[in-house]
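All residue numbers refer to positions in the sequence shown, counting from 1.
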Amino acid sequence: MRLLLLACLRAQTGNATTAGRIQDHLEAVGHICSLKDAFGYENPSEIANLISAEKFEAALAIHLYKGGRLLQGSRIPFGIIFGGTDINEDIKHEEKHRVMGAVLEEARFAVAFTEKMKELAAAEWPDARSKIYIQTQGIMTTPSATFNWKRFLQNAGIPQDTENVRLFLLICGLRRVKDPLYLVDVFSEWHRREPHIHLVIIGPAVDPQFTSEVNEKINRTPGVHLLQEIPQDDLHAAVKRCFAVVNSSISEGMSAAILEAMDLDVPVLARNIPGNAAIIRHKDTGLLFTDPQS
């Protein structure tokens, strides 16, 4: 079957990683799967032309609004995978809510990563409950064997004159919903008391204006460092060497960074939000916090 997969494909983001894995699995079972960036299309008519030109037989979109809206009125069957911000954030906006409801009505099925996400969607669109299926996200880690830890520390501006560096890694695209500044002040205070403690925020500049705010804050905050995204294999290797992975998002669907840290046997400290609480059992598989001080 010729399948169209629509997703937001900003480099080194969770959505792009998830989309690539889904494409790999679909192709592994014999389908032809073409992955397209939802940001490259303005409206459903452009996708309709694409479907006609490339003779797609079915489609799948990640994110009920960003991807799903482009499949409205599609002449081929399609399914939706909830992204996280669609159900947690976009649902609060009247026009987006209307569009997402229409998309869900047309979709043959929808996939939620967690029971909580399904219940949130079903509460808004009760008629769609029977077509929402829960499928937890799968991950795979591939840490690079040639990763240079000392160079990584050097690029972050972390002194290498001691072996007892305790590095906490926060992996996210720089946008407000990820709230990377939430823990900056408390980590800086900790660093002042214990200079071997460092927080590194790493990820792509998704929101340029917010990225400027993050840069300005971090430039005057000792013990906190900002790095641009690096190849996934190197990132996995960095996770293996860090003390713990941190997540401070306002909302999450299911954080790939948390799952990957778990797969690499690295401790996880995550903000206590539904998406994180769905995969972390407090004091068992990780630590959940409700405010920076805790």
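Taking all atoms of both residues into account, the shortest heavy-atom contact from Leu120 to Ile91 is O-CD1, 4.4 Å. Glu54 and Ser34 make their closest contact through OE1-OG, 4.1 Å (heavy atoms, listed as atom of the first residue, atom of the second, distance). Scanning both residues, Glu260 and Gln232, for their nearest heavy atoms gives OE2-NE2, 3.9 Å.
Alongside Val184, the hydrophobic cluster contains Phe168, Leu170, Leu174, Leu181, Tyr182, Leu183, Val186, Phe187, Trp190, Ile197, Leu199, Ile201, Phe210, Val214, Ile218, Val224, Leu226, Phe243, Val246, Leu269, Leu287, Phe289 (criterion: ILVMFWY side chains under 4.5 Å).
Checking each of His196, His198, His225 against His191 for a ring pair (Phe, Tyr, Trp, His ring centres under 6.0 Å) leaves exactly one that passes, namely His198.
A distance below 6.0 Å separates the ring centres of Phe152 and Phe147.
At a threshold of 4.0 Å, the pair Arg98-Glu124 does not count as salt-bridged, since none of the basic side-chain nitrogens sits closer than that to a carboxylate oxygen. Using a 4.0 Å cut-off between charged nitrogen and carboxylate oxygen, Glu194 and Arg166 do not count as a salt-bridge pair. Asp90 has no carboxylate O lying under 4.0 Å from a charged side-chain N of Arg69, or vice versa, which leaves the two without a salt bridge. With respect to the salt-bridge test (charged N to carboxylate O, under 4.0 angstrom), the residues Asp207 and Arg175 do not qualify.
For Glu89 and Ser251, the side-chain atoms include at least one donor-acceptor pair closer than 3.5 Å.
Judged purely by atom type and a 3.5 angstrom limit, Ser188 uses its side chain to pair as donor or acceptor with the backbone of Pro222.
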